[in-house]
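Here the structure is a predicted model, which means the values were calculated and not measured. We're numbering straight along the sequence, starting at 1.
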Amino acid sequence: MATTKETKRILDVDDLHVSFKTYAGEVQAVRGVTFHLDKGEVLAIVGESGCGKSVTAQTIMRLVPAPPSFIKNGSIVFDEKTDIVKLSERQMQKVRGSEMGMIFQDPMTSLNPTMTVGKQISESLIKHQGMNKSQAMARSLEMLRLVGISNPEGRLKQYPHELSGGMRQRIMIAIALACNPKLLIADEPTTALDVTIQAQIIELMQELKEKTESSIIMITHDLGVVAEMSDRVIVMYAGKIVEEGTVDEIFYESRHPYTWGLLRSVPRLDAENKSDLVPIPGTPPDLFAPPKGCAFADRCPYAMKVCLENDPEKFVIKGEHRAACWLCHPDAPHVERPVETGGAV
Ligand SMILES: Nc1ncnc2c1ncn2[C@@H]1O[C@H](COP(=O)(O)OP(=O)(O)OP(=O)(O)O)[C@@H](O)[C@H]1O
Ligand code: SF4
Ligand SMILES: [Mg+2]
């Protein structure tokens with residue numbers, strides 16, 4: 001969908017289904033995900049482990065190995081023109097290097113241990129931006145300064161194993177941002193780091209958000225990071241989006257019992273009292289054979305008969321705030337959100 005100049009749409013994901021073929025059967029990891037991202041926006045994706053956050057994000061960059069994965073259905077329109085799903089690997093390589101960047105949880109898995117930092121940053125600049133070697137090295141130096149690496153000239157000649165975890169993550173960010181990507185995806189960029197370094201990396205990402213014009217998808221388990229950095233939030237459960245809205249709508253006016261449970265169960269880096277956390281009882285459903293009704297039904301204290309039979313549609317609460325829960329149906333009984341907020345803001 002085309003939008004006005006001020007709100008250029010960077011990403012339009014529509015009814016995306018991604019599965020894995022395994023010996024035991026088909027794992028339906030992403031089951032009909034629809035969302036969008038506008039220029040300059042930061043979108044957070046939250047949800048328990050295994051709910052499909054990384055598969056969704058990596059499918060946007062077509063980084064999920066296929067096979068065993070396959071895109072069963074849906075489209076991912078990037079920059080209002082390209083359907084990522086339809087691109088060949090060769091075409092995708094171009095998009096990846098020049099228009100999208102990704103920061104992973106563990107920089108060591110994505111940095112090349114046999115190449116110096118300088119070579120790794122400059123490589124894609126030479127390949128995708130048509131720079132010569134000295135231009136690319138100058139830009140690499142500029143990027144290391146931007147991400148706050150001390151002694152950047154010296155670092156360019158070092159190998160990843162000679163750097164600390166925090167520095168390696170900064171290098172990953174530098175590589176991801178070197179080509180000025182329209183879209184930056186950060187998949188738990190701070191989880192592998194110690195708490196002080198986590199805070200520094202988040203501060204850096206916030207600064208970069210102001211300086212660059214990239215749109216960001218941020219996957220994180222930390223609600224403090226969500227509150228500080230993002231504009232909108234998607235809550236995923238068992239391969240689907242169960243609630244979406246602005247940060248305030250999700251934290252203060254959420255309508256889905258899973259969102260309530262998540263807000264009470266997830267610790268915040270900046271929370272003073274972590275003792276109020278209440279885990280969500282039970283476990284997510286098996287994605288080999290997801291239930292036909294609401295996937296949260298067997299863990300939900302408010303489950304009704306209809307929940308077991310029919311998967312709820314996404315009800316519009318207000319504007320872009322939507323929740324897939326039968327409690328949002330106009331004829332449903334009224335249920336108040338539990339008062340305790342635990343780790344939430
Ligand atoms: N290579 C694979 N083969 C089979 N199933 C897979 C594969 N990769 C992921 N899955 C399944 O897809 C589902 C979604 O996984 P995904 O990695 O997206 O979860 P996540 O939300 O990112 O979790 P986490 O918070 O732990 O990173 C999970 O059930 C997972 O087991
Ligand atoms: S649809 Fe039913 S089971 Fe699912 S979250 Fe809502 S009330 Fe609970
Ligand atoms: Mg993940």
Side-chain angles (χ1 to χ4, degrees), residues 33 35 41-54 56-57 186-191 195 198-199 202 206 216-285 294-303 307 312 314-328 332-345:
V33 158
F35 67 92
E41 249 192 328
V42 180
L43 177 74
I45 306 184
V46 298
E48 281 168 298
S49 184
C51 69
K53 304 181 296 292
S54 296
T56 301
D187 191 348
E188 298 187 40
T190 59
T191 311
V195 176
Q198 277 184 27
I202 291 303
Q206 256 176 316
I216 302 177
I217 294 180
M218 167 74 85
I219 298 173
T220 176
H221 284 279
D222 191 309
L223 296 177
V225 172
V226 175
E228 268 171 53
M229 278 204 69
S230 37
D231 301 304
R232 282 188 298 120
V233 184
I234 281 176
V235 182
M236 283 190 75
Y237 185 71
K240 292 189 173 198
I241 294 175
V242 294
E243 185 157 9
E244 59 190 284
T246 62
V247 172
D248 282 354
E249 283 163 348
I250 295 298
F251 280 133
Y252 302 114
E253 294 163 31
S254 55
R255 298 288 295 274
H256 198 291
Y258 178 67
T259 310
W260 298 340
L262 195 69
L263 293 176
R264 287 199 306 267
S265 68
V266 181
R268 279 186 52 174
L269 197 62
D270 55 348
E272 279 172 20
N273 187 357
K274 295 190 198 289
S275 61
D276 298 337
L277 299 179
V278 185
I280 307 174
T283 49
C294 170
F296 190 55
D298 67 348
R299 305 172 76 187
C300 177
Y302 315 102
C307 308
K314 266 193 207 165
F315 294 93
V316 175
I317 312 298
K318 197 175 101 197
E320 291 193 316
H321 183 194
R322 297 188 186 93
C325 171
W326 285 116
L327 291 176
C328 302
H334 178 72
V335 169
E336 279 292 332
R337 175 181 171 176
V339 282
E340 76 275 34
T341 51
V345 284

Close side-chain approach of V233 to F251, heavy-atom, < 4.5 Å: no
E41: partners by side-chain hydrogen bond (donor to acceptor under 3.5 Å, both in side chains), with sequence neighbours left out: R232
Reported CD1-to-CD1 distance for the pair I234 and I217, which is rounded to 0.5 angstrom: 7.5 Å
Minimal non-hydrogen separation, L263 against S254, with atom names: CD1-OG, 4.0 Å
F35 side chain reached by I241 side chain, heavy atoms, under 4.5 Å: yes
Those residues that, when tested against T259, pass side-chain hydrogen bond (donor to acceptor under 3.5 Å, both in side chains) (two or more places apart): E243
Non-hydrogen atoms of S49 and H221 that approach each other most closely: N-CE1, 4.3 Å
Side-chain heavy-atom pair M229, T220 within 4.5 angstrom cut-off: no
side-chain contact (heavy atoms from CB on, under 4.5 Å) against A324, all qualifying residues, sequence neighbours excluded: K314
Minimal non-hydrogen separation, V242 against Y237, with atom names: CG1-CB, 3.7 Å
With sequence neighbours excluded, residues passing side-chain hydrogen bond (donor to acceptor under 3.5 Å, both in side chains) with Q206: none
Those residues that, when tested against F315, pass ring-ring contact (aromatic ring centres under 6.0 Å, His included) (two or more places apart): W326, H329
Closest contact, heavy atoms only, A57 versus I219: CB-CD1, 3.5 Å
Where V247 and V226 come nearest, the two heavy atoms and their spacing: CG2-O, 4.0 Å
Side chains of P285 and D298 in contact at under 4.5 Å (non-hydrogen atoms): no
Counterpart residues, side-chain contact (heavy atoms from CB on, under 4.5 Å), relative to E249 (two or more places apart): T246, E253, H321
Residues that V335 engages under side-chain contact (heavy atoms from CB on, under 4.5 Å), provided they are two or more places apart: W260, Y302, L327
Any residue meeting side-chain hydrogen bond (donor to acceptor under 3.5 Å, both in side chains) with K53, in chain and number order, not counting sequence neighbours: none
R255 versus I317, closest heavy-atom pair with distance: NH1-CG2, 3.4 Å
R299: partners by salt bridge (Lys or Arg N to Asp or Glu O under 4.0 Å), with sequence neighbours left out: E48
Distance in Å, M218 CE paired with I45 CD1, rounded so as to fall on 0.5 Å steps: 11.0 Å
Sub-4.5 Å side-chain heavy-atom contact between V235 and H256: no
Any P284 side-chain heavy atom under 4.5 Å of C51 side chain: no
